[in-house]
Amino acid sequence: MRCTSKPTRHMLFRESTPPSKNLRSFCYNAKTSLASPQCSLEFTQNPRRCIQQFRSGGCRVVCSESAKAAKQIKVEAKAQATFATHISSSRDKLATATATELLQQAAVFHNVRPYLALGAALWVEQHSACKTDTLVDLDGRWQLVFASTSGSTLFWYIPVKEFKDIDVKTRTLSLVSLLGPVTTSFDGSYNTLSKQDMQFSFNALVITVFGRTVVKKPISFAEKVYTYYWLHKGLACARSSGGGIVLLRRLET
């Protein structure tokens with residue numbers, strides 16, 4: 001699949017000047033090649049900006065790999081409408097407080113309707129996003145609670161215990177999943193693309209059963225990016241390079 005200039009129903013990409021060294025120019029799935037050097041905005045590295053360009057009508061170049069991105073826009077529009085009907089005032093301050101309370105309930109009790117939880121996360125993304133360096137405050141263990149990357153809302157609340165261990169000093173991280181006596185750990189490292197953007201990849205897989213290591217081998221994963229746009233009292237929201245929103249809760253060590 002290649003990016004073309006012929007309009008289709010798929011996600012649109014912004015026309016721009018030729019890409020810089022830090023912004024590679026290719027399509028949504030990071031494996032396609034380009035027909036045009038002006039397709040310089042990669043959805044996988046900056047989905048928020050890409051979606052904003054799409055909504056504002058500033059896009060020109062079409063990427064045929066990104067039907068998933070167009071679907072994500074529809075999902076988020078529904079979530080925003082759900083949150084809008086939930087709040088009783090249009091004042092930003094009150095709405096932000098409501099969104100924060102909903103995210104706290106979602107993180108701890110998982111009792112907020114999926115579209116409403118996503119709508120709250122989108123509200124804080126647009127109105128309360130962090131402007132400072134958020135990555136330095138991520139040190140420790142975080143539980144991944146909610147992710148809108150799944151096609152079904154039944155799985156937006158992550159059904160297994162899944163944690164992300166982040167070591168800011170060494171810039172290493174692990175994604176740990178617990179399922180009964182089985183513990184699966186993907187280990188890797190990360191780079192900071194900006195004060196909020198974490199680019200990471202995993203290079204090792206370790207599986208233990210009842211505390212005994214049964215698998216330990218090197219692996220190769222494609223790089224992903226999380227944009228941590230909101231931190232508040234042990235909660236964090238990030239936008240995945242796949243376009244979805246992730247809600248995390250800090251765990252005490």
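For the single chain, residues carry numbers from 1 onward in sequence order. Just so you know, these numbers use all the heavy atoms, side chains as well, and skip hydrogens, waters and symmetry mates.
- Under the side-chain contact (heavy atoms from CB on, under 4.5 Å) criterion, N191 pairs with Q199, sequence neighbours left out.
- In this structure, K164 is positioned above the aromatic face of Y226, its NZ or CZ under 6.0 Å from the six-membered ring centre and within 45° of the axis.
- One distance of note links OG1 of T134 with NZ of K195; it measures 10.0 Å at 0.5 Å rounding.
- Under the rule for a side chain to side chain donor-acceptor pair (under 3.5 Å), R250 has no partner lying at least two apart in sequence or in another chain.
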message: Does F200 form a side-chain contact (heavy atoms from CB on, under 4.5 Å) with K224? I'd like the steps, not just the answer.
response: CA-CA 6 Å; F200 62 93; K224 296 183 66 177; 3.9 Å; yes

message: Would L102 and H86 count as a side-chain contact (heavy atoms from CB on, under 4.5 Å) here? Give the steps.
response: CA-CA 10 Å; L102 288 171; H86 180 80; 3.8 Å; yes

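- Residue L138 is not grouped with residue V225 when hydrophobic side chains (ILVMFWY) are merged at heavy-atom distances under 4.5 angstrom, including chains of intermediate members.
- For V214, the side-chain contact (heavy atoms from CB on, under 4.5 Å) criterion is met by I207, V209, not counting sequence neighbours.
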What donor-acceptor contacts under 3.5 angstrom involve side-chain atoms of residues 215-222, with partners at least two apart or in another chain?
none

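- In this view, D137 and L231 satisfy the side-chain contact (heavy atoms from CB on, under 4.5 Å) rule, not counting sequence neighbours.
- Salt bridge annotation for E76-K71: absent, with no cationic side-chain nitrogen under 4.0 angstrom from a carboxylate oxygen.
- Atoms CG and NZ, from L144 and K161 in turn, are 14.5 Å apart once rounded to the nearest 0.5 Å.
- T153 is linked by a side chain to side chain donor-acceptor pair (under 3.5 Å) to nothing, counting only residues two or more places apart in sequence or in another chain.
- Side chain of Y157 to main chain of V112: a donor-acceptor pair is present (N/O by atom type, distance under 3.5 Å, no hydrogens or angles).
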- prompt: Y229 and V124: side-chain contact (heavy atoms from CB on, under 4.5 Å), yes or no, with the steps?
  reply: CA-CA 9 Å; Y229 63 83; V124 298; 3.9 Å; yes

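- Here S150 pairs with nothing under the side chain to side chain donor-acceptor pair (under 3.5 Å) rule; sequence neighbours left out.
- Side chain of R113 to main chain of A117: no donor-acceptor pair is present (N/O by atom type, distance under 3.5 Å, no hydrogens or angles).
- Scored by the ring-ring contact (aromatic ring centres under 6.0 Å, His included) test, W156 finds Y115, F146 as partners (sequence neighbours excluded).
- L173 and L193 end up in different hydrophobic clusters when Ile, Leu, Val, Met, Phe, Trp and Tyr side chains are linked at under 4.5 Å.
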side-chain contact (heavy atoms from CB on, under 4.5 Å) assessment of I158 paired with V160: CA-CA 6 Å; I158 299 174; V160 298; 4.2 Å; yes

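- Under the rule for a salt bridge (Lys or Arg N to Asp or Glu O under 4.0 Å), the partners of D165 that lie at least two apart in sequence or sit in another chain are R141.
- Under the 4.5 angstrom side-chain criterion for Ile, Leu, Val, Met, Phe, Trp and Tyr, the cluster partners of F155 are L154.
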Contacts under 3.5 angstrom, residues 176-186 side chains, donor-acceptor by atom type, not counting sequence neighbours:
from : atom 1 : to   : atom 2 : distance (Å)
S177 : OG     : E162 : OE2    : 3.0
S185 : OG     : D187 : OD1    : 2.7

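- In this structure, CG on D139 lies 8.5 Å from OG1 on T170, to the nearest 0.5 angstrom.
- Both F83 and L235 sit in one connected hydrophobic cluster of ILVMFWY residues. Membership requires side-chain heavy atoms under 4.5 Å apart, directly or through other members.
- The side-chain contact (heavy atoms from CB on, under 4.5 Å) check on T100 picks up T96, Q104, W230, H232, with sequence neighbours excluded.
- Cluster membership check: I73 does not share its hydrophobic cluster with V246, using side-chain heavy-atom separations under 4.5 Å among Ile, Leu, Val, Met, Phe, Trp and Tyr.
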